[in-house]
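Note sheet for the following structure.
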2 protein chains.
Amino acid sequence: MRELPDTGDDGAPTRRRSERSHRAIVTATQELLVERGYRALTIEGVAARAGVGKQTIYRWWPSRAALVLEAYLAGSDEVVRPRTRTSTCADVRALLDWLVAVLTQPIGGRVLAGLVSDLKDDTELAERFQRDVVPARRQAMLAALERGRERGEIRADADLELAVDALHGAVFYRLLLSGAPLDAAFTKRLASQVLLGLSSGFVPIGD
Amino acid sequence: MRELPDTGDDGAPTRRRSERSHRAIVTATQELLVERGYRALTIEGVAARAGVGKQTIYRWWPSRAALVLEAYLAGSDEVVRPRTRTSTCADVRALLDWLVAVLTQPIGGRVLAGLVSDLKDDTELAERFQRDVVPARRQAMLAALERGRERGEIRADADLELAVDALHGAVFYRLLLSGAPLDAAFTKRLASQVLLGLSSGFVPIGD
DNA sequence: ATAACAAAACGAGACGTCTCGTCTCGTGAT
DNA sequence: ATCACGAGACGAGACGTCTCGTTTTGTTAT
């Protein structure tokens with residue numbers, strides 16, 4: 001969110017920021033998001049929970065959404081990314097299951113919905129979100145599809161970016177809009193059906 | 001959103017609701033949504049613009065989101081649904097273009113993003129949205145795919161609901177999350193690539 | 001190396017503003 | 001005579017800014 005105050009800046013006298021307060025604020029934000037959700041989260045509430053002055057928050061974060069984004073990302077690293085690499089379909093399924101796991105964490109869906117609504121009114125936040133967060137989420141899936149193409153399982157002229165749009169889009173669509181379940185049966189059929197469209201010929205879809 | 005007060009109810013003495021105020025409120029909501037967006041919309045602002053007391057709004061709508069939903073849906077009927085029925089791929093493309101047109105109306109994307117965030121905190125709204133709005137949007141696309149299956153262009157065992165998840169999901173994903181463009185090239189490739197996955201054999205994808 | 005100093009960030013909270021949702025009025029329509 | 005209406009007062013609560021002392025931290029002088 002912001003550069004750390006001490007670590008190896010070039011000569012310039014680094015601003016001195018209390019790392020204790022920083023951590024307390026992020027932790028309090030995560031707790032309050034889980035307990036009460038995005039809408040009910042207030043700066044004053046975070047300050048009180050963290051034992052911190054309001055100004056300390058306003059000094060380091062430009063908006064409530066920026067704070068929530070940092071707290072959200074800091075809590076999203078707990079689910080480890082799969083590294084199966086058996087078949088393309090299995091890889092895609094595993095990555096979809098991973099995405100679902102990340103999004104259905106207690107902090108996940110509600111917070112993402114709140115952030116999404118703020119993207120439309122906060123240009124700076126939208127830029128960072130679409131430059132950093134979105135591509136990071138897509139990268140692993142795109143790599144798996146490219147491996148499949150190198151192995152010849154996927155047509156050379158297939159549009160893999162578009163495939164990621166469809167795969168991830170279906171997941172987010174269910175999470176944010178339709179409310180349909182995000183279970184293993186869903187990710188399994190989604191992976192196999194989309195991959196069939198990308199396949200270079202008849203490739204048996206396992207399991 | 002609520003039954004109209006006067007028109008042809010069965011005998012029961014309908015409460016007398018001012019249709020003039022009703023329309024003024026919905027119109028003012030639409031205008032303010034276009035001018036200032038979802039976040040900046042306040043009940044007090046709507047009341048002032050509509051020349052109406054706040055209580056009149058609180059009397060007839062349970063929440064800000066419910067009012068926005070009504071205003072949004074009332075303004076979404078202006079884009080007419082296509083009725084091409086030439087080939088399945090052309091139908092799907094036309095329906096995707098229609099969806100994009102509806103969502104990129106001035107009132108569209110910003111409002112939808114705001115509503116989405118409220119679904120997570122407003123159970124009643126979420127129920128109505130997922131029972132009425134979402135299926136209505138999916139219906140036409142599903143019908144087009146079923147016609148394709150009857151014609152034999154689509155495999156009998158294809159999961160068409162899942163295909164709608166992927167098609168609509170990709171559109172909403174770009175609109176709400178990635179910010180990637182929603183242009184004709186996108187809908188064209190999306191339609192052809194997804195349909196290829198559903199196809200029963202080699203079906204030439206026309207321009 | 002230690003002490004003294006200045007600068008910046010800190011916790012706390014007062015302040016005026018805004019919107020909330022509820023509540024009363026008096027008015028006008030049926 | 002009833003009831004929705006426009007208007008707006010009301011207390012609650014969060015906003016973002018600001019001003020207090022206080023504590024921390026980096027720099028300078030001894």
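Since the model is a prediction, treat every value here as computed from it, not as a measurement. Order of the sequence lines sets the chain letters (A, B, ...), proteins ahead of strands, with each chain counted from 1.
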In whole Å, what is the span from the [atom1] atom of [X] to the [atom2] atom of [N]?
X: Arg39(B); N: dT19(C); atom1: CZ; atom2: P; result: 13 Å
X: Arg17(B); N: dG6(D); atom1: CZ; atom2: P; result: 11 Å
X: Arg49(B); N: dG6(D); atom1: CZ; atom2: C1'; result: 18 Å
X: Arg20(B); N: dG28(C); atom1: CZ; atom2: P; result: 14 Å
X: Glu19(A); N: dT24(D); atom1: CD; atom2: P; result: 16 Å
X: Ile57(A); N: dG13(C); atom1: CD1; atom2: P; result: 15 Å
X: Leu41(B); N: dC18(C); atom1: CG; atom2: C1'; result: 15 Å

Distance in Å, Gln193(B) CD paired with Asp157(A) CG, rounded so as to fall on 0.5 Å steps |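 Reported value, rounded in 0.5 Å steps: 8.5 Å.
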Where the side chain of [X] is concerned, which of [options] is the nearest nucleotide?
X: Thr56(B); options: dA9(C), dG21(C), dC5(D); result: dC5(D)
X: Ser18(A); options: dA14(D), dC10(C), dT19(C); result: dC10(C)
X: Arg59(A); options: dC10(C), dA14(D), dT19(C); result: dC10(C)
X: Val52(B); options: dT22(C), dG6(D), dC15(D); result: dG6(D)
X: Gln55(B); options: dG11(C), dA7(D), dA9(C); result: dA7(D)
X: Tyr58(B); options: dC10(C), dG16(D), dG21(C); result: dG21(C)

Please check the phosphate of [N] (OP1 and OP2 only) for any side-chain N or O of [X] closer than 4.0 Å.
X: Trp60(A); N: dC10(C); result: yes
X: Ser21(A); N: dG11(C); result: yes
X: Trp61(A); N: dG16(D); result: no

Answer yes or no: is there an ion pair linking [X] with [Y], defined by an N-O contact shorter than 4.0 Å?
X: Arg138(A); Y: Glu161(A); answer: yes
X: Arg49(A); Y: Glu35(A); answer: yes
X: Arg85(B); Y: Asp91(B); answer: no

Residue met sooner reading DNA chain C from 5', once Glu44(A) and Ile43(B) are mapped to nucleotides =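 On the 5' side of the pair lies Glu44(A).
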Answer with base, sugar-phosphate or nothing: what part of the nucleic acid does Gly45(A) contact at a heavy-atom distance below 4.0 Å?
->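 Here Gly45(A) touches no strand at all.
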What about Lys54(A): does its side chain form a donor-acceptor pair under 3.5 Å with the base of dG16(D)?
->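 By the distance-only test, yes, there is a pair.
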From Asp118(A), Asp122(A), Asp121(A), residue fulfilling side-chain hydrogen bond (donor to acceptor under 3.5 Å, both in side chains) relative to Arg39(B) =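 Among the candidates, only Asp118(A) passes.
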